[in-house]
Colleague: 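Have a look at this one.
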There are 2 protein chains.
Amino acid sequence: MRVKYKVWLVDEEVILGDGGYRLLSLIDKNGSIRQATAEMDISYRQAWGRIRKMEKRYKKPLVETHTGGQSGGGASLTPEAKELVKRYRLFRAEVDKAINDSFQKYFSDL
Amino acid sequence: MRVKYKVWLVDEEVILGDGGYRLLSLIDKNGSIRQATAEMDISYRQAWGRIRKMEKRYKKPLVETHTGGQSGGGASLTPEAKELVKRYRLFRAEVDKAINDSFQKYFSDL
DNA sequence: AGGGGTTATGTTAAAAAATACATAACGAGA
DNA sequence: TCTCGTTATGTATTTTTTAACATAACCCCT
């Protein structure tokens, strides 16, 4: 027996969950939405929609983009997004440990 | 901004989550699947399917039932189910506290 | 014997979420 | 000016999940 869980931030609607966190992290790393989606194995369309939703709820722009140029364009995270991603990573790590510890405590014999 | 989450026990497939926990608790309290579903506002059919799934995965019977009689029939939890429900309640309370504490720590200013 | 309330189960329909398809715009560089 | 890889967005399709409908069986009690 194991434990599974999902955790996400909301404000009326979803702001950020594990999927959004990973997407933002990969955009930061790759400098491109397209390349991030390739690494996550989701469609560009899907990623684009999620980013719009996140920004709509967070109320601040999270991803800055530009089109054209020899590289075709690119994307990067705003300072606010970088801060959010950083906090989420730390938060998520704590939650992960807490849940697994409690699970061991109560269900290790099952 | 708030935090939301779901946590559930699995063994290949889902065993027990908040919905199953509540369902089992209400069956225990009411002595009837039908009455439990009325209180939870779900259909009998849905509850019945969930119970079957839980039992299939947990591998032990969780709900004992009997039909007929003046009251029409009834249901009760097996000792194993009572133990499981009890542990889940304690586990869930710990997780709840841990997540909310971490959330406060990292996002209280947002 | 029949009524009443429950368990038991298959089948359908509806709603929601995820995925796929198609296409326009953009602009630096060749 | 044409190409290339990217952003941007609407629309359609498929898959998954959830809810609804219909009906049989059971049996104590009157």
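This structure is a prediction, so every number in the text was calculated from the model and none was measured. Reminder, nothing fancy here: chain letters follow the sequence lines and each chain counts from 1.
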Colleague: Which nucleotide wins on minimum distance to the side chain of Gln35(A), given the candidates dA8(C), dT6(D), dA8(D)?
Modeller: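 Closest nucleotide among those given: dT6(D).
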Colleague: Taking the side chain of Tyr44(A) as heavy atoms from C-beta outward, which of dT7(D), dT9(D), dT7(C) is closest to it?
Modeller: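 Minimum distance to the Tyr44(A) side chain belongs to dT7(D).
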Colleague: Could Asp101(A) and Lys105(A) be called an ion pair, given the rule that one side-chain N must be under 4.0 Å from one carboxylate O?
Modeller: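 Answer for the salt bridge query: no.
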Colleague: Without decimals, in angstroms, what is the distance between Ile33(B) CD1 and dC26(D) P?
Modeller: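 Answer to the nearest Å: 17 Å.
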Colleague: If you look at every strand shown and take non-hydrogen atoms under 4.0 Å, does Ser43(B) touch a base, only sugar-phosphate, or nothing?
Modeller: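 Counting heavy atoms under 4.0 Å across all strands, no contact is made by Ser43(B).
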Colleague: Do Asp109(A) and Arg87(B) sit within salt-bridge range, that is, some charged N less than 4.0 Å from a carboxylate O?
Modeller: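 A salt bridge links Asp109(A) with Arg87(B).
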Colleague: From the set dT6(D), dA19(D), dT9(C), return the single nucleotide nearest to any side-chain atom of Thr67(A).
Modeller: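 From the listed options, dT6(D) comes nearest.
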Colleague: Start at the 5' end of DNA chain D and walk down; is the nucleotide closest to Thr65(A) or to Gly69(A) reached first?
Modeller: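 Here Gly69(A) is the residue nearer the 5' end.
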Colleague: At under 4.0 Å between heavy atoms, what does Gly74(A) touch on the DNA or RNA strands: base, sugar-phosphate, or nothing?
Modeller: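 Sugar-phosphate, backbone atoms only, no base.
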Colleague: Between the side chains of Tyr88(B) and Asp18(B), does any donor sit under 3.5 Å from an acceptor?
Modeller: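 Yes, because at least one side-chain N or O of Tyr88(B) sits under 3.5 Å from a partner of the opposite role on Asp18(B).
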Colleague: Donor-acceptor pair, Ser76(B) side chain versus Gly31(B) backbone, under 3.5 Å?
Modeller: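 Flag not set: sc Ser76(B) to bb Gly31(B) has no pair under 3.5 Å.
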Colleague: Would you kindly give the CD-to-P distance between Glu55(A) and dT7(D), to the nearest whole Å?
Modeller: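 Glu55(A) atom CD is separated from dT7(D) atom P by 13 Å.
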Colleague: Taking atom C1' of dG4(C) as reference, at what distance in whole Å does atom CZ of Arg34(B) sit?
Modeller: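 Rounded to the whole Å, the gap is 12 Å.
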Colleague: Can you check the Ile42(B) CD1 to dA15(C) P distance for me, whole Å?
Modeller: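 My rounded result for the distance is 19 Å.
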Colleague: Please give, in whole Å, the distance from dT18(D) C1' to Asp41(B) CG?
Modeller: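 Atom CG in Asp41(B) sits about 14 Å away from atom C1' in dT18(D).
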Colleague: Where each residue is assigned the nucleotide of DNA chain C containing its nearest heavy atom, which of Gly72(A) and Gly73(B) is assigned the position nearer the 5′ end?
Modeller: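 So the residue in question is Gly73(B).
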Colleague: Considering every strand and a 4.0 Å limit on heavy-atom distances, what is the contact class for Arg50(B): base, sugar-phosphate, or nothing?
Modeller: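 Nothing: the residue Arg50(B), judged by heavy atoms under 4.0 Å, touches no strand.
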Colleague: Measure from the side chain of Ser32(A), starting at C-beta and using heavy atoms only, and say which of dA8(C), dA19(D), dT6(D) lies closest.
Modeller: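 That would be dT6(D).
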Colleague: Given atom CZ of Arg45(B) and atom P of dG10(C), what is their separation to the nearest angstrom?
Modeller: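 Distance check: Arg45(B) CZ to dG10(C) P gives 7 Å.
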Colleague: Calculate the interatomic distance between His66(A) atom NE2 and dA8(D) atom C1'; express it in whole Å.
Modeller: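 Nearest whole value for this atom pair: 15 Å.
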Colleague: Using a strict cut-off of less than 4.0 Å between a Lys/Arg side-chain nitrogen and an Asp/Glu carboxylate oxygen, indicate whether Glu94(A) and Lys97(A) qualify as a salt bridge.
Modeller: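 Judged by the 4.0 Å cut-off on N to carboxylate O distance, Glu94(A) and Lys97(A) do not form a salt bridge.
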Colleague: Measuring from the side chain of Gln70(B) (C-beta onward, heavy atoms only), which nucleotide among dT7(D), dC28(D), dA19(D) has the closest atom?
Modeller: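 It is dC28(D).
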Colleague: What integer distance in Å separates Gln46(B):CD from dA14(C):P?
Modeller: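 Rounded to the whole Å, the gap is 18 Å.
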